[in-house]
Amino acid sequence: MAKREERFVEIHKEGSGLKDAGTKTLFVDKETGVTYLAWKSGYGAGITPLLDAEGKVVITKLL
């Protein structure tokens with residue numbers, strides 16, 4: 001069986017799992033180009049599409 005290519009790619013990560021602020025990671029959906037912000041701290045986590053100043057979804061074109 002052929003290996004399936006990953007749909008999401010991590011483009012940026014900051015923070016530390018050892019601090020209260022947690023980690024923030026940006027992911028891009030390779031099919032749509034939509035950029036997502038994921039946040040994780042302790043047992044809590046969340047993910048949301050990244051929005052620009054006008055409230056539109058940020059689209060990132062990968063090379």
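Residue numbers run from 1 in the order of the sequence given.
- In this structure Glu6 satisfies the side-chain hydrogen bond (donor to acceptor under 3.5 Å, both in side chains) test with no other residue, sequence neighbours excluded.
- Taken together through direct or relayed side-chain contacts under 4.5 Å among Ile, Leu, Val, Met, Phe, Trp and Tyr, Leu51 and Tyr36 form part of one hydrophobic cluster.
- Partners of Lys30 according to the salt bridge (charged side-chain N to carboxylate O under 4.0 Å, His left out) rule, which considers only residues two or more places apart in sequence or in another chain, are Glu5.
- Ala38 and Phe27 get closest at one heavy-atom pair: CB-CE1, 3.8 Å.
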Would you tabulate the side-chain donor-acceptor contacts of residues 55-63 under 3.5 Å, counting partners in other chains and residues two or more places apart, or write 'none'?
unit_1: Thr60; atom_1: OG1; unit_2: Thr35; atom_2: OG1; d: 2.5

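- Residues that satisfy the side-chain hydrogen bond (donor to acceptor under 3.5 Å, both in side chains) test with Glu31, not counting sequence neighbours, are absent from this structure.
- Considering all non-hydrogen atoms of both residues, Gly15 and Thr23 come closest at C-CG2, 3.9 Å.
- Contacts of Leu37 classified as side-chain contact (heavy atoms from CB on, under 4.5 Å), with partners at least two apart in sequence or in another chain: Lys24, Leu26, Thr48, Leu50.
- Rounded to the nearest 0.5 angstrom, Phe8 CZ and Thr25 OG1 are separated by 13.5 Å.
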